[in-house]
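Read the structure below first, then the notes.
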There are 2 protein chains.
Amino acid sequence: MANASTLEMALLGLIGQKPQSGYDLRKTFATTAMRHYSDSPGSIYPALRRLESRGLIAQVNANGGADSRKRQEFALTGAGKGSLVAWLERELTRDDVMLRLGELLLRFAFMDGNVPRSTTIRFLDQFIRELGVYAGERRAQFEQSSARMPLHTGLLAFEMGIKGMETQLAWAQEARTRLAEKLP
Amino acid sequence: MANASTLEMALLGLIGQKPQSGYDLRKTFATTAMRHYSDSPGSIYPALRRLESRGLIAQVNANGGADSRKRQEFALTGAGKGSLVAWLERELTRDDVMLRLGELLLRFAFMDGNVPRSTTIRFLDQFIRELGVYAGERRAQFEQSSARMPLHTGLLAFEMGIKGMETQLAWAQEARTRLAEKLP
DNA sequence: GTGCACATGTAATGTGTTACATGATTAT
DNA sequence: ATAATCATGTAACACATTACATGTGCAC
């Protein structure tokens, strides 16, 4: 596992937007669309310590002397910013599309402000291509299956998965158009 | 964690469809729409041992005597079937819809053959109600945000999440209609 | 008789979850 | 002063992943 976990990347991305404390991050996870990350201290504080020990984030508050239970704000270091950008710029693989759609969406969400617009467009192009192939294969497989056997909940669930991919595909195409319009 | 993991439930559901070996299950995870479960032996064999030790599955092959590296098939026990059905029948909560959509889809997929059609319909009704409320709230929040600030990738990703929910909502409504038609 | 698919397992590691614990600050 | 909220942390546990290890049976 040379790569950091997606929780760590979510933390890097958020801290990159503005320096924050562990408590701030927990609040974000508890109250926004990033709800599916746990807001429990047992996940976030250890993750912050790991990022700190790897030199990707550093404390920035003018924390007098006695630091016992005071607010500790973190900001990205140069290395942290580099690590974030490297993650955002990673080549997108078929496996990413098949297994890690959520992570791809997180990457996309953090692109503004961290990578040039052209990188975002290229990401969407790759995304559209890979997801198009995969969704097409699944759709064909579903048509075959549903012709051969009566409709049951297993098949319906399979269809739901495919419809989800098709929605994401349509969204990506529209997003690409919208972003390309204001490229300059 | 009173509940078994979702991997364990996936295994119970598959074994409930027909007795299978660990290797069969790995193949299923490696080649079907259930790809996002790891097909690594390090996850599946220990999970099978756990289910066996809890008495939810049992070996069924006429395994002569020397059992060294032979194929070992498992089937659901009575307790296993009971555990599977209890999971399928669990009341659906708001949190399930917000955080565990994948698990809900898995539950739905396994309903045929394990619970009566009326239970499946009730599940969809609850799903539609809870997801409708949640997706509506998110949509309103998105409209507010996108009116207040310029469109950026974070907002676009947020919108994608909402569109996914709306797709699932529409699918659930159609599935409910289709299943209710052939209730008798 | 060598290679490949079948088939099952263990050990090391990382990390997320839950539950518990505690100090600091602010409002009443 | 006392309750609520802010804020950080630890310990026990379960689990997934990766890499490694090993045996079986068949085809060529």
Side-chain angles (χ1 to χ4, degrees), chain A residues 1-12 15 19-31 34-54 56-57 59-74 95 99-100 102-103 106, chain B residues 1-12 15 19-31 34-54 56-57 59-61 63-74 95 99-100 102-103:
Chain A
M1 188 167 298
N3 322 325
S5 69
T6 135
L7 168 63
E8 287 175 2
M9 284 311 170
L11 293 173
L12 278 189
I15 291 172
Q20 296 182 63
S21 70
Y23 194 76
D24 293 336
L25 294 159
R26 287 180 60 202
K27 289 282 133 154
T28 297
F29 289 153
T31 61
M34 301 183 80
R35 240 184 200 60
H36 78 267
Y37 290 101
S38 166
D39 67 333
S40 77
S43 65
I44 290 175
Y45 292 111
L48 289 173
R49 290 292 152 229
R50 288 197 298 273
L51 293 173
E52 192 183 28
S53 76
R54 274 187 264 149
L56 303 181
I57 60 175
Q59 293 191 41
V60 288
N61 47 336
N63 186 351
D67 53 351
S68 53
R69 294 278 167 161
K70 289 269 192 58
R71 179 181 172 80
Q72 293 173 39
E73 275 192 354
F74 293 95
D95 271 7
L99 309 169
R100 289 178 290 269
E103 184 182 340
L106 188 70
Chain B
M1 189 168 296
N3 322 325
S5 70
T6 135
L7 169 63
E8 288 176 3
M9 286 309 170
L11 293 173
L12 278 190
I15 291 172
Q20 295 182 65
S21 70
Y23 193 74
D24 294 335
L25 294 160
R26 287 181 60 201
K27 289 283 131 153
T28 297
F29 289 153
T31 61
M34 301 182 79
R35 239 184 201 59
H36 77 267
Y37 290 103
S38 165
D39 68 333
S40 79
S43 66
I44 290 175
Y45 292 112
L48 289 173
R49 290 293 151 230
R50 290 196 299 274
L51 293 172
E52 192 184 27
S53 75
R54 273 187 266 151
L56 303 181
I57 61 176
Q59 293 191 40
V60 286
N61 48 334
N63 185 350
D67 53 352
S68 54
R69 294 277 167 162
K70 289 271 190 56
R71 178 182 173 79
Q72 294 172 38
E73 275 193 353
F74 293 95
D95 271 5
L99 308 170
R100 288 177 291 269
E103 184 182 339

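In the text below, chain A, chain B and the rest are named by the order of the sequence lines, each starting its count at 1.
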| Could you go step by step and tell me if B:Thr28 and B:Tyr23 meet the side chain to side chain contact (heavy atoms under 4.5 Å, CB included) rule? | CA-CA 9 Å; B:Thr28 297; B:Tyr23 193 74; over 6 Å; no
| query | Could you go step by step and tell me if B:Arg71 and B:Glu73 meet the salt bridge (Lys or Arg N to Asp or Glu O under 4.0 Å) rule? | reply | CA-CA 6 Å; B:Arg71 178 182 173 79; B:Glu73 275 193 353; 3.1 Å; yes
| task | Using a 4.0 Å heavy-atom cut-off across all strands, classify A:Gly42 as base, sugar-phosphate, or nothing. | result | base
| field | Euclidean distance, atom CD of residue B:Gln59 to atom P of C:dA7 [Å, nearest integer] | value | 14 Å
| request: Write down the distance between CZ (B:Arg71) and C1' (C:dA7), rounded to a whole number of angstrom. | output: 9 Å
| said: If you compare every side-chain N and O of B:Arg49 against the phosphate oxygens of C:dT10 (OP1, OP2), does one of them come in below 4.0 Å? | reply: no
| query | Are A:Ser38 and C:dG16 close enough that a side-chain N or O sits under 4.0 Å from OP1 or OP2? | reply | no
| field | Side-chain N or O of B:Tyr45 closer than 4.0 Å to phosphate OP1/OP2 of C:dG9 | value | no
| query | What is the distance from CZ of B:Arg26 to P of D:dA16, rounded to the nearest Å? | reply | 15 Å
| Listed nucleotide nearest any side-chain atom of B:Pro41, set C:dG9, D:dC6, D:dA16 | C:dG9
| task | Quickly work out the A:Asp24 CG to D:dA7 C1' distance and round it to whole Å. | result | 10 Å
| message | Could you go through B:Leu48 and B:Ile15, starting from their C-alpha distance and side-chain angles, then the distance that decides it, and tell me whether this counts as side chain to side chain contact (heavy atoms under 4.5 Å, CB included)? | response | CA-CA 10 Å; B:Leu48 289 173; B:Ile15 291 172; 3.9 Å; yes
| query | Is there a donor-acceptor pair under 3.5 Å between the side chain of B:Ser43 and the backbone N or O of B:Asp39? | reply | no
| Side chain of B:Ser5 (C-beta onward), nearest among D:dA16, C:dT15, D:dA7 | D:dA16
| Rounded to the Å, how far apart are A:Tyr23 OH and D:dG9 P? | 14 Å
| query | Do any side-chain nitrogens or oxygens of A:Ser21 fall under 4.0 Å of OP1 or OP2 in D:dA7? | reply | no
| A:Gln72 CD to A:Tyr45 OH distance, which is reported to the nearest 0.5 Å | 8.5 Å
| Spacing between B:Leu25 atom CG and C:dG9 atom P, to the nearest angstrom | 13 Å
| query | Nearest to the side chain of B:Leu7, which nucleotide is it out of D:dT17, C:dG9, D:dA16? | reply | D:dA16
| said: Let's see if you can work this out: which of D:dA16, C:dT18, C:dG16 has an atom nearest to the side-chain heavy atoms of A:Ser40? | reply: C:dT18
| note | Closest of D:dC6, D:dA16, C:dG16 to the B:Arg50 side chain is D:dA16
| remark: Between B:Pro46 and B:Lys27, the residue closer to the 5' end of DNA chain C by nearest nucleotide is B:Lys27
| query | What is the distance, rounded to the nearest whole Å, between atom CD of B:Gln72 and atom P of C:dC6? | reply | 17 Å
| said: In this structure, how many angstroms lie between the C1' atom of D:dA16 and the CZ atom of B:Arg35, rounded? | reply: 19 Å
| message | From the set D:dG9, C:dG9, D:dC15, return the single nucleotide nearest to any side-chain atom of B:Glu8. | response | D:dC15
